[in-house]
Protein chains: 2
Amino acid sequence: MVETSTVDPWHALADPTRREVFARVARGQGSVTEIARDLPVSRPAVSQHLRVLLDARLVDVRRQGRERLYQPRLSGLDGLRRELDSYWNQTLSTFKDVAEQAYEPTAAPPEGAP
Amino acid sequence: MVETSTVDPWHALADPTRREVFARVARGQGSVTEIARDLPVSRPAVSQHLRVLLDARLVDVRRQGRERLYQPRLSGLDGLRRELDSYWNQTLSTFKDVAEQAYEPTAAPPEGAP
DNA sequence: GCCATGCGTAAGTAGTAACTTACGCATGGT
DNA sequence: ACCATGCGTAAGTTACTACTTACGCATGGC
């Protein structure tokens, strides 16, 4: 097993605690113990959150002596950015359609599922 | 009560089904029944998802005859964009810090929590 | 006035997931 | 060789949440 299973980045960042863990890592690399010190949860909980963030490709690890240093990763964020941009543009486009429809309520403007 | 309670947009888009509901609405306004037709869940389920999306300021409603037309809303997306951008920039910055640290392992570069 | 359409909400249920404590393995210093 | 530090994982519990069916209210056409 090469660990092909992946995790939805949306799901990974949905949990407030886990998002704080990621925010902390994004701010600067750190060990599990360091990260857990700033948070109101136990160290194992942080470990489990980091596991999910790893599977979502939002963070990376590397050993340094006894510590495991976590740092943020662009790969997971990239997909989110693209998807969010798509929603943004579609929203603007739908605004236009609705506005046009307001002037010609009889004609049928482009809908999501014609 | 003026419904001040709000919902975390991250949480709102974390559920796959709810994200599909939003994607459908973003693609073009539609009634609940129309939206539910494309999805493998019941109409009440879609209603409940739309309620969450409303509370997250990701969609808007307006009555038109007997129907309630849902359309996407920028307000909820905007916060997500800003937060995501922040993570993106912090990640780039942390990359730089880690790279610099690799050349001078003795000095202490800027960390998240000094 | 009456029936059909469209929709929100209530109630109940099953699955998930976030946390805790306990444990075990590896690394580094002495 | 030994102990301390750092961490991941297992097991168990509790809380949440996404879904279903059933119901009730409003709007529009006849």
Side-chain angles (χ1 to χ4, degrees), chain A residues 1 3 5-25 29-56 58-71 105-106 111-113, chain B residues 1 3 5-25 29-56 58-71 105-106 111-113:
Chain A
M1 277 270 287
E3 189 59 55
S5 80
T6 183
V7 162
D8 180 16
W10 288 104
H11 167 253
L13 292 181
D15 182 72
T17 304
R18 188 159 49 229
R19 197 157 66 243
E20 273 198 64
V21 170
F22 174 72
R24 167 63 180 79
V25 173
Q29 66 170 359
S31 69
V32 178
T33 313
E34 285 171 357
I35 299 167
R37 192 170 351 194
D38 306 335
L39 295 174
V41 295
S42 69
R43 183 194 52 73
V46 172
S47 259
Q48 290 161 10
H49 284 310
L50 286 168
R51 171 107 163 93
V52 174
L53 293 172
L54 273 171
D55 289 348
L58 285 163
V59 301
D60 255 343
V61 220
R62 69 199 155 85
R63 297 210 51 123
Q64 176 165 318
R66 271 182 295 208
E67 297 182 336
R68 286 168 65 89
L69 294 182
Y70 287 85
Q71 60 175 298
T106 56
E111 286 280 331
Chain B
M1 279 271 284
E3 189 60 54
S5 82
T6 184
V7 161
D8 180 16
W10 288 103
H11 168 252
L13 291 182
D15 181 73
T17 304
R18 187 158 49 229
R19 197 157 68 243
E20 273 198 64
V21 169
F22 174 71
R24 168 61 180 80
V25 172
Q29 67 170 358
S31 69
V32 178
T33 312
E34 285 172 357
I35 299 167
R37 191 166 342 169
D38 305 336
L39 296 173
V41 294
S42 68
R43 183 194 50 76
V46 173
S47 259
Q48 289 162 10
H49 283 310
L50 286 167
R51 171 107 162 95
V52 175
L53 293 172
L54 272 171
D55 289 348
L58 285 164
V59 300
D60 256 343
V61 219
R62 69 198 155 85
R63 298 209 49 122
Q64 177 165 319
R66 273 182 292 208
E67 296 183 337
R68 288 169 62 90
L69 293 182
Y70 286 86
Q71 59 176 300
T106 56
E111 284 281 332

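Throughout, protein chains are lettered first and strands after them, A, B, ... in sequence-line order, and every chain is numbered starting at 1.
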Practice prompt. Begin with the C-alpha distance, continue with both residues' side-chain angles, and end with the deciding distance and a verdict on side-chain contact (heavy atoms from CB on, under 4.5 Å) for L54(A) and V59(A).
Written response: CA-CA 5 Å; L54(A) 273 171; V59(A) 301; 3.8 Å; yes
Atom pair distance, as rounded to whole Å: [atom1] in [X] and [atom2] in [N]:
| X | N | atom1 | atom2 | answer |
| --- | --- | --- | --- | --- |
| E20(A) | dA18(C) | CD | P | 14 Å |
| L39(B) | dT20(D) | CG | C1' | 16 Å |
| Y70(A) | dG6(D) | OH | P | 15 Å |
| R62(A) | dG6(D) | CZ | P | 17 Å |
| R19(A) | dA17(C) | CZ | P | 17 Å |
| E67(B) | dT5(C) | CD | P | 13 Å |
| L50(A) | dG8(D) | CG | C1' | 11 Å |
| L53(B) | dG8(C) | CG | C1' | 15 Å |

So, using side-chain contact (heavy atoms from CB on, under 4.5 Å) as the criterion, who are the partners of [X] when residues are at least two apart?
| X | answer |
| --- | --- |
| E20(A) | L39(A) |
| L50(A) | V21(A), V25(A), V32(A), I35(A), V46(A), L53(A), Y70(A) |
| A14(A) | A14(B) |
| Q71(B) | F95(A), V98(A), Q29(B), D60(B), R62(B) |

Discussion item. Please tell me if S42(A) has a side-chain N or O lying less than 4.0 Å from either OP1 or OP2 of dT20(C).
Written reply: yes
Worksheet item: Shortest non-hydrogen contact from A12(A) to V7(A)?
Response: CB-CG1, 4.3 Å
Practice prompt. Start with the C-alpha distance between R18(B) and Q48(B), add both sets of side-chain angles, then the distance that settles side-chain contact (heavy atoms from CB on, under 4.5 Å), and finish with yes or no.
Written response: CA-CA 9 Å; R18(B) 187 158 49 229; Q48(B) 289 162 10; over 6 Å; no
Response to the item:
A correct 5'-to-3' footprint of nucleotides 22-30 of chain C, with B, S and - meaning base, sugar-phosphate only and no protein heavy atom under 4.0 Å, is B----BB--
Fill in: Listed partners of R19(B) passing side chain to side chain donor-acceptor pair (under 3.5 Å), at least two apart
D8(A), E83(A)
Give each protein N/O atom lying under 3.5 Å from an N/O atom of nucleotides 13-18 of chain D, with the pair distance.
unit_1, atom_1, unit_2, atom_2, d
dA18(D), OP2, R18(B), NH1, 3.0
dA18(D), OP2, R18(B), NH2, 3.2
dA18(D), O5', D15(B), OD1, 3.4

Worksheet item: To the nearest 0.5 Å, what is the distance between CZ (R37(B)) and OG (S31(B))?
Response: 7.0 Å
